[in-house]
Amino acid sequence: MKILKHFINGQYVAGSQENLFELVSPVNGETYALSPSAGRAEVEQAYLAAKTAFAVWKHSTPSQRQRALLKLADEIERNVERLIQAQSEETGQLRHFIEKEEIAASCDALRFFAGAARCLEGKASYEYAEGLTSTIRREPLGIVGQVTPWNYPFMMAVWKIAPALAAGNTVVLKPSDTTPISTLILAELAAPLFPQGVFNVVLGKAETGSLVVSSTEASLVSITGSVRAGLQVAASAAANLTKAHLELGGKAPVIVFADADIAKAVEVITTAGFFNAGQDCTSATRILIEDSIYAQFLEKLVTKTRAIKFGTPEDKDALYGALNSRNQLEQVKGFISRLPSHAVIETGGKAGDGPGFYFEPTIISGLDQRDEAIQHEVFGPVMTVQKFSSEAQALEKANDVEYGLAASIWTSNHSRAQRFSIRLDFGTVWINNHIPLCAEMPHGGFKKSGYGKDLSSYSLDEYTRVKHIMCDISE
Ligand SMILES: NCCCC=O
């Protein structure tokens with residue numbers, strides 16, 4: 001059985017063989033590799049490598065950082081087949097999905113940050129006080145501790161490391177325990193392009209993650225994960241006064257008015273809800289439908305959903321693959337088993353056949369606003385439908401969750417679209433669409449969805465600090 005290794009100081013490093021755990025294929029439930037679990041000594045070894053590397057990398061010019069990031073994007077493209085193979089094995093995702101939604105998008109993000117590294121901004125230098133001239137320096141923070149999730153393992157690692165490295169920081173990253181291999185390949189591809197120790201990967205479960213985010217060597221800790229994990233990271237960061245960036249869960253409302261383009265709404269919402277088996281923090285999960293079109297819209301949504309195929313990684317016609325783990329499948333089944341008696345399963349509601357971790361695309365109606373499936377993130381191919389009868393009611397239901405990551409509004413009334421985009425309490429609001437992202441624009445939430453931004457120049461702000469230098473110029 002293959003035993004994975006950490007990637008520290010530019011090379012693979014065997015971990016302690018004491019706490020090995022199994023990596024299980026979501027496609028067939030079989031164990032395909034063993035992973036070590038980094039303890040304190042290994043995490044400290046990674047931080048030491050990152051600290052030594054920071055002394056060099058912080059003096060690199062933005063142009064040098066740009067060249068390294070651009071080369072990394074090219075190298076990823078040269079290794080696309082290897083990456084698709086690794087990631088489909090660890091996630092159960094479809095091969096065509098990984099290529100388009102992860103690898104291509106990750107290369108684009110790397111190229112964006114390569115350019116953005118050269119365009120950092122600050123206030124104009126000037127004499128704001130008599131006899132004194134002020135300048136602003138934007139500096140890297142130091143060593144960054146990062147924890148990434150399993151839903152898009154490769155792309156989430158790129159979203160974290162690209163702005164960090166572009167700004168001149170060095171990294172210690174712990175990928176999810178179920179999906180470490182694509183991140184190890186990323187580190188391996190990056191190694192010849194950056195000074196030794198700039199990007200280190202330590203493997204393990206939650207205990208290793210706690211060691212990474214509680215290190216006193218970290219200047220920033222950044223996590224994409226659940227609200228529960230985010231609360232723990234925020235607490236441990238606070239104990240050291242370490243800056244934290246938290247990209248946590250979501251429960252996106254999708255508000256459909258009678259004047260929307262219904263055919264387009266049905267098409268996009270079913271894709272945006274079941275894409276990646278709904279394991280997406282911006283997934284279209286809570287469909288709020290104006291009462292005058294409720295029955296007609298629901299019928300179309302159900303018909304379209306029944307035609308959705310899920311399948312193994314090779315299946316070109318499938319919309320999504322397996323859920324990431326047995327644990328995640330149990331989570332989704334748990335939500336279904338706890339549905340109240342007033343809930344109606346319009347379609348789906350069951351696990352798929354076979355040994356893999358599959359679940360049918362599912363639509364649930366009849367729920368009350370306070371019910372668990374409306375209030376909490378399922379992170380599976382499950383959407384709920386609710387009715388509303390006025391703008392005020394739609395807005396109230398949409399905002400009435402603890403999350404604030406993403407939302408969409410569907411209408412042909414321009415003023416209404418604008419009103420909702422202002423009043424929706426979510427970090428991204430789509431108008432007549434749902435799910436697309438781009439590297440130039442920020443991704444991050446409000447409320448319990450966390451704080452700080454991934455992507456865009458706003459994430460470079462997270463990874464830099466602003467220094468004011470004031471010089472006496474009096475004669
Ligand atoms: N659609 C990408 C969202 C990233 C987090 O799940």
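We count ligands from 1, going down the list as the structure has it; atoms in each ligand are counted the same way. Given the structure is predicted, the values throughout are model-derived calculations rather than measurements.
Every residue was checked against the ring pair (Phe, Tyr, Trp, His ring centres under 6.0 Å) condition with Tyr463, not counting sequence neighbours, and none meets it. Applying the salt bridge (charged side-chain N to carboxylate O under 4.0 Å, His left out) criterion to Arg228, with sequence neighbours excluded, gives no partner residue.
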Could you list each N/O atom of ligand 1 together with any protein N/O atom closer than 3.5 Å, one pair per line with the distance?
{"unit_1": "ligand 1", "atom_1": "1 (N)", "unit_2": "Asp280", "atom_2": "OD1", "d": "3.4"}
{"unit_1": "ligand 1", "atom_1": "1 (N)", "unit_2": "Asp280", "atom_2": "OD2", "d": "2.8"}
{"unit_1": "ligand 1", "atom_1": "6 (O)", "unit_2": "Asn151", "atom_2": "ND2", "d": "3.0"}
{"unit_1": "ligand 1", "atom_1": "6 (O)", "unit_2": "Cys281", "atom_2": "N", "d": "3.2"}

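Between the side chain of Glu102 and the backbone N or O of Met155, at least one donor-acceptor pair lies under 3.5 Å.
Using a cutoff of 4.0 Å between basic side-chain nitrogens and carboxylate oxygens, Lys251 and Asp400 are not scored as salt-bridged.
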Identify every side-chain donor-acceptor pair in residues 345-353 under 3.5 Å, counting partners at least two apart or on other chains, and give the distances.
{"unit_1": "Glu346", "atom_1": "OE2", "unit_2": "Ser365", "atom_2": "OG", "d": "2.6"}
{"unit_1": "Thr347", "atom_1": "OG1", "unit_2": "Arg306", "atom_2": "NE", "d": "3.3"}

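Taking the six-membered ring where the residue is Trp, Tyr403 and His376 present perpendicular rings, their angle passing 60° and hence far from 30°.
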